[in-house]
Amino acid sequence: RWVLETAFMGFNKVLLNIRTILKNLRFCKQDILDFKPDAVVLVDYPGFNLRIAKWAKKQGFPVFYYIAPQAWAWHKSRVKTIRKSVDKLFVLLDFEKPFFERYGIATEYVGHPLLDAIRNYAPKPLPHEKPVIALLPGSRKHELLDILPIQLQAVKHFPDYEFIIAGNEHYKAVYEEIVKDQPIRIVYDQTYDLLSIAAAALVKSGTGTLETALFNVPQIVCYKIGITSYWIGRLMVKIKYISLPNLILNQPVIPELIQHQFNEKTIVTHLQTILQSHGETQKQQYALLRTRLTPNTMGASASVADSIITTLTTTKPV
């Protein structure tokens with residue numbers, strides 16, 4: 001819950017919540033000092049964790065970072081902080097290792113933990129009477145408000161399908177306010193159960209696109225943010241694609257509908273194409289995607305733990 005409430009996205013939202021962010025930084029630093037760990041392991045959340053990394057290194061703690069900041073996409077200035085403050089960086093994507101190593105950062109490619117999570121998932125398929133189209137609008141309140149209403153515009157065009165929303169129970173009232181009296185099902189905290197039965201999906205850009213691909217579900221990527229954040233982001237972000245499957249495969253396997261392109265007409269057009277072909281082109285590329293995400297049999301998180309223990313017991317971090 002704390003992560004959801006403090007994962008502020010967009011420049012305006014960060015500025016508006018700066019006091020909360022600074023309060024949590026102080027709390028985290030004190031907690032580390034009180035606990036006196038043998039090492040500090042930071043996971044994702046770069047805006048916050050890189051500040052902790054810089055501070056922890058000065059305190060003399062070995063620092064490990066799991067799920068690297070996407071410095072290859074934007075904020076390359078973060079590379080300097082990582083090089084000075086992180087003893088070893090663990091990356092999820094194969095192209096990240098050579099990128100960070102070019103800057104002299106000790107980097108280990110461990111694969112993606114989603115593979116482990118999905119491999120260990122025990123199916124509990126949801127009951128349904130029609131083929132299902134899954135809606136994954138994101139897990140933050142502002143994402144729901146920006147993305148879900150537009151996704152719902154497609155519903156009336158596909159009467160032979162059942163649309164089901166993957167919801168986060170923390171924002172139950174938000175989903176219900178957006179859906180109102182429309183005959184749309186919402187399932188809370190059952191995203192994998194939903195993806196296991198979906199014929200197609202409309203997915204907000206982010207980790208959900210990779211989860212959907214690993215469930216072999218054809219998808220359309222949806223993305224919309226505030227206009228100020230969008231234009232600032234366009235100046236700063238230097239990547240060809242915004243969805244993880246397209247980035248990993250380095251080709252536009254999945255349609256990406258961004259800002260003004262994300263509208264009722266384009267959703268319907270792309271969804272019709274996918275459903276008519278059963279998304280076979282995407283499914284073929286998903287097979288290649290899986291091979292790119294599996295560097296070892298141990299599993300991503302287990303590999304990270306093993307590497308950290310080995311480093312701490314056999315060498316002194318730089």
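Just so it is clear, the values below take in all heavy atoms, side chains as well, and ignore hydrogens, waters and symmetry mates. Because the structure is a prediction, the values reported are computed rather than measured.
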Kindly say whether [Y] contributes a backbone atom to a donor-acceptor pair with the side chain of [X] at under 3.5 angstrom?
X	Y	value
Asp116	Ala300	yes
Gln282	Gln219	yes
Asp38	Leu312	no
Ser303	Ser301	no
Asp306	Ala302	no
Asp31	Phe27	no
Asn263	His260	yes
Thr294	Arg290	yes
Tyr175	Asn168	yes
Lys130	Pro159	yes

Among the clusters formed by ILVMFWY side chains lying less than 4.5 Å apart, do [X] and [Y] turn up in the same one?
X	Y	answer
Ile309	Val43	no
Tyr286	Phe95	yes
Leu210	Leu288	yes
Met298	Ile67	no

Which atom pair, heavy atoms only, marks the closest approach of [X] to [Y]?
X	Y	answer
Pro137	Gln151	CB-OE1, 3.4 Å
Phe262	Ile267	CE1-CD1, 3.4 Å
Ala166	Thr191	CB-OG1, 3.7 Å
Gly279	Pro218	CA-CG, 3.6 Å
Arg83	Gly104	CG-O, 4.3 Å
Gln259	Lys224	OE1-CA, 3.1 Å

Next item on the list: Walk me through it: do Glu280 and Ile274 pass the test side-chain contact (heavy atoms from CB on, under 4.5 Å)?
Entry: CA-CA 8 Å; Glu280 290 304 322; Ile274 287 174; over 6 Å; no
Compute whether any side-chain donor of one residue and acceptor of the other, for [X] and [Y], lie under 3.5 angstrom apart.
X	Y	answer
Glu143	Tyr223	no
Asp193	Ser196	no
Glu256	Asn246	yes
Ser85	Tyr65	no
Gln70	Glu96	no
Ser307	Lys88	yes

Check: Do the rings of Tyr45 and Phe48 sit parallel, tilted or perpendicular, given the 30° and 60° boundaries?
Finding: parallel
With rounding to the nearest 0.5 Å, note down the distance linking [atom1] in [X] to [atom2] in [Y].
X	Y	atom1	atom2	answer
Lys29	Asn24	NZ	CG	12.0 Å
Ile150	Leu257	CD1	CG	10.0 Å
His170	Ser139	NE2	OG	9.5 Å
Ile184	Ile178	CD1	CD1	12.5 Å
Ile105	Lys80	CD1	NZ	12.5 Å
Leu136	Leu148	CG	CG	10.5 Å

Note to self: Under the criterion side-chain contact (heavy atoms from CB on, under 4.5 Å), I'd like the reasoning laid out for Lys57 against Asp87: C-alpha separation, chi angles, the key distance, then a yes or no.
What the structure shows: CA-CA 9 Å; Lys57 188 66 175 177; Asp87 295 296; 2.6 Å; yes
For the residue pair [X] and [Y], establish whether any side-chain heavy-atom pair is separated by less than 4.5 Å.
X	Y	answer
Lys180	Gln182	no
Leu135	Val203	no
Tyr241	Asn250	yes
Leu275	Phe158	yes
Val174	Glu177	no
Ile82	Tyr103	no
Leu145	Lys141	yes
Val86	Phe64	no

Next item on the list: Give the intermediate values and the outcome of side-chain hydrogen bond (donor to acceptor under 3.5 Å, both in side chains) for residues Glu211 and Tyr192.
Entry: CA-CA 8 Å; Glu211 292 174 309; Tyr192 285 7; 2.8 Å; yes
Item checked: Ring centres under 6.0 angstrom apart (Tyr121, Phe215) ->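 Ring-ring flag for Tyr121/Phe215: true, centres closer than 6.0 Å.
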Item checked: Close aromatic pair by centroid cut-off 6.0 Å: Tyr109 and Phe90 ->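 Ring-ring flag for Tyr109/Phe90: false, centres at least 6.0 Å apart.
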Note to self: Starting from Val132 and following side-chain heavy-atom contacts under 4.5 Å between hydrophobic residues (I, L, V, M, F, W, Y), which residues can be reached?
What the structure shows: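 Listed partners: Leu126, Ile164, Val187, Leu194, Ile197.
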Notebook entry, point to check: Can you list the steps and then say if Leu202 with Val221 is a side-chain contact (heavy atoms from CB on, under 4.5 Å)?
Noted result: CA-CA 6 Å; Leu202 304 180; Val221 175; over 6 Å; no
Note to self: If the threshold is 4.0 Å, N to carboxylate O, is there a salt bridge linking Glu264 and Lys156?
What the structure shows: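 The answer is yes: the pair qualifies as a salt bridge.
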Next item on the list: Run the salt-bridge test on Asp94 and Arg292 with the 4.0 Å N-O cut-off and return the result as yes or no.
Entry: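 Counted as a salt bridge, because a side-chain N and a carboxylate O are separated by less than 4.0 Å.
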Surrounding [atom1] of [X] (heavy atoms of other residues, nucleotides or ligands, distance under 6.0 Å), is the total greater than 12?
X	atom1	answer
Asp34	CG	yes
Lys283	NZ	yes
Arg185	CZ	yes
Lys54	NZ	no

Checklist line | Test side-chain contact (heavy atoms from CB on, under 4.5 Å) applied to Ile242 and Leu247, step by step | finding: CA-CA 7 Å; Ile242 65 168; Leu247 280 167; over 6 Å; no
